[in-house]
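Below is one structure. I have some questions about it.
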Amino acid sequence: MRVLVVKDYEAQCRAGADLVEEAVRRRPDCRLGLATGSSPLGLYRELIRRCREEGLDFSRTRTVNLDEYVGLAPEHPQSYRTFMDQQFFDQINIDKRSTYVPRGDRETEESLAEFRAVLDQGSTAVQILGLGADGHIGFNEPGETLHARAHVETLDESTIRANSRFFENRDQVPRRALTMGMGEIMAAERLLLLISGAGKEEAARRLLLEDLVTPRWPVTFLRLHRDATVLLTRDLAERIGYRENIM
Ligand code: F6R
């Protein structure tokens, strides 16, 4: 696991964009694994800028997203499909037919079968990940066990609370989500974890300052990946007492 401590959020976004750009330039038809939420927003902004100003070409790139809320149709304003269209896809030269966000509005079994089939269709060059305060990646919530494959997850209270900022009130946040499983995340050629936002200290500590791999903190599985990059800001590194050469 490669850990890069950078000056601030802007630097984090640029470093993340470098990694994605390298993959797209090397293999223009590669598949990218994408995340929603606040952490990757600046990374998407930087990729949009590079597409517009520097000719970074997404016309042959394919994407698959980590998750989607159960019960929200793609056109729902808070769906992850809407998020991805607005924050990224509609602003770059990607063919929208090559982008996949799982369907939260269909019978779940049917949606899961489709999601798994898409994941099986090829490999992901770079999987972008954010970190939940409870240590989740995708929506793989902590517990005694984790799922290897795409499944429906009941969201933890802390996740519902954190995500309520995108909704009018807490009651509107869906309680369940479709998510890639841990095995599908770990199968990506490269993982890129962006640690950003409030309340991530404990999860970051578990990942960066301990050696345990535990389903109680799903993010700790990143340590088992052969090409995982973790990007965090100096400010967070100092708060959790991480020194760059610890591991
Ligand atoms: C989003 C996802 C989640 C988020 C995580 C952090 O697709 O899979 O794991 O990455 O909840 O969210 P933010 O970045 O909003 O703090």
Side-chain angles (χ1 to χ4, degrees), residues 9 12-13 16 20 32-46 63-70 72 74 76 78-89 99-104 111 115 118-119 124 126-143 146-147 149-167 170 173-186 188 191-204 206-207 215 217-222 228-233 235-236:
Y9 182 66
Q12 191 177 29
C13 297
V20 175
L32 300 175
L34 303 179
T36 55
S38 302
S39 307
L41 275 177
L43 165 64
Y44 295 148
R45 271 198 301 272
E46 176 61 13
T63 69
V64 57
N65 261 74
L66 279 168
D67 35 33
E68 178 62 283
Y69 289 119
V70 169
L72 300 194
H76 189 284
Q78 261 71 45
S79 77
Y80 284 165
R81 161 52 73 181
T82 300
F83 178 101
M84 290 310 304
D85 286 349
Q86 291 177 345
Q87 304 298 335
F88 195 37
F89 300 147
T99 67
Y100 184 80
V101 180
R103 288 285 296 247
S111 295
F115 192 11
V118 169
L119 289 166
T124 295
V126 182
Q127 175 65 56
I128 297 167
L129 297 167
L131 175 59
D134 63 359
H136 71 222
I137 51 173
F139 276 134
N140 293 277
E141 297 284 26
L146 294 167
H147 288 259
R149 302 229 56 192
H151 61 285
V152 172
E153 190 88 16
T154 301
L155 302 180
D156 281 3
E157 273 307 308
S158 66
T159 305
I160 292 169
R161 206 178 318 121
N163 290 5
S164 63
R165 68 188 194 278
F166 297 109
F167 293 80
R170 204 172 157 284
V173 188
R175 270 29 188 179
R176 295 187 308 147
L178 294 146
T179 180
M180 264 187 222
M182 292 296 289
E184 291 149 344
I185 292 175
M186 295 290 285
L191 299 180
L192 170 61
L193 175 70
L194 305 163
I195 310 183
S196 157
K200 312 284 173 81
E201 288 81 1
E202 180 67 14
R206 301 282 175 163
L207 176 67
W217 295 93
V219 70
T220 57
F221 279 73
L222 257 69
T229 300
V230 181
L231 287 171
L232 73 156
T233 58
D235 169 57
L236 176 63

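Whatever order the structure lists them in is the order used to number ligands and atoms, beginning at 1.
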Could you list the residues that satisfy side chain to side chain donor-acceptor pair (under 3.5 Å) with His151, not counting sequence neighbours?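 Only Glu153 meet the side chain to side chain donor-acceptor pair (under 3.5 Å) criterion with His151.
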Relative to the heavy atoms of Lys200, which atoms of ligand 1 are at a distance of less than 4.0 Å?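 So the answer, numbered in order with elements, is 6 (C), 13 (P), 16 (O).
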Suppose we measure from atom 11 (O) of ligand 1 to each protein heavy atom; which comes out shortest, and what is that distance?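 Of the protein heavy atoms, His136 NE2, 2.7 Å lies nearest.
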Could you tell me, atom by atom, which parts of ligand 1 come under 4.0 Å of a heavy atom of Gly37?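 Atoms satisfying the 4.0 Å criterion: 14 (O), 15 (O).
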Test your reading of the model: is there a side-chain donor-acceptor pair from Gln78 to the backbone of Phe166, 3.5 Å cut-off?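 Yes, the answer is positive, given that a donor and an acceptor are paired below the 3.5 Å cut-off.
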Close-contact set for ligand 1 against Gly130 heavy atoms, below 4.0 Å: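 Those qualifying, in numeric order: 10 (O).
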Can you tell me how far apart CD1 (Ile128) and OG1 (Thr36) are? Round to the nearest 0.5 Å.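 Output value for this atom pair is 11.0 Å.
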So if I count the atoms of ligand 1 from 1 in the order they appear, which ones are less than 4.0 Å from some heavy atom of Gly138?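 Heavy-atom distances to Gly138 below 4.0 Å select 2 (C), 3 (C), 8 (O), 9 (O).
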Atom 14 (O) of ligand 1 [closest protein heavy-atom partner, distance rounded to 0.1 Å]: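 Ranked first by proximity to atom 14 (O) of ligand 1 is Ser39 OG, 2.5 Å.
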Could you tell me, atom by atom, which parts of ligand 1 come under 4.0 Å of a heavy atom of Leu66?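 So the answer, numbered in order with elements, is 8 (O).
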Using a heavy-atom cut-off of under 4.0 Å, does the side chain or the backbone of Glu141 touch ligand 1, or both, or neither?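 Glu141 to ligand 1: no contact under 4.0 Å from either part.
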If we set the cut-off at 4.0 Å for heavy atoms, which region of Leu131 has an atom near ligand 1: side chain, backbone, both, or neither?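 Backbone only.
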Who pairs with Thr220 by side chain to side chain contact (heavy atoms under 4.5 Å, CB included), at least two apart in sequence or on another chain?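 So Thr220 forms a side chain to side chain contact (heavy atoms under 4.5 Å, CB included) with Arg206, Val213, Thr214, Trp217, Arg223.
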Verify, without hydrogens or angle tests, whether Arg175 (side chain) and Val173 (backbone) share a donor-acceptor contact under 3.5 angstrom.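 Checked: pair present.
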Report yes or no: does Gln12 contribute a side-chain atom to a donor-acceptor pair with the main-chain N or O of Leu194 at less than 3.5 Å?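 Side chain of Gln12 to backbone of Leu194: no pair is present.
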Taking the six-membered ring for Trp and the single ring otherwise, decide whether the centroids of Phe167 and Tyr69 are under 6.0 Å apart.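 Ring-ring flag for Phe167/Tyr69: true, centres closer than 6.0 Å.
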To the nearest 0.5 Å, how far apart are CG in Leu34 and CG in Leu129?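 Output value for this atom pair is 10.5 Å.
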Ligand 1-proximal atoms of Thr36, by part, heavy-atom distance under 4.0 Å: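 Within the 4.0 Å criterion, Thr36 contacts ligand 1 through backbone and side-chain atoms alike.
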Of the listed options Ala35, Ala198, Ser38, closest to atom 13 (P) of ligand 1 (non-hydrogen atoms):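 When every heavy atom of Ala35, Ala198, Ser38 is considered, Ser38 comes closest to atom 13 (P) of ligand 1.
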How long is the straight-line distance from OG1 of Thr179 back to CG of Leu155, given to the nearest 0.5 Å?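 The OG1 atom of Thr179 is 9.0 Å from CG of Leu155, to the nearest 0.5 Å.
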Atom 2 (C) of ligand 1: which protein heavy atom is closest, and how many Å away?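 Its nearest protein heavy-atom neighbour is Asp67 OD2, 3.3 Å.
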Would you say Met180 contacts ligand 1, with heavy atoms under 4.0 Å as the rule?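 No.
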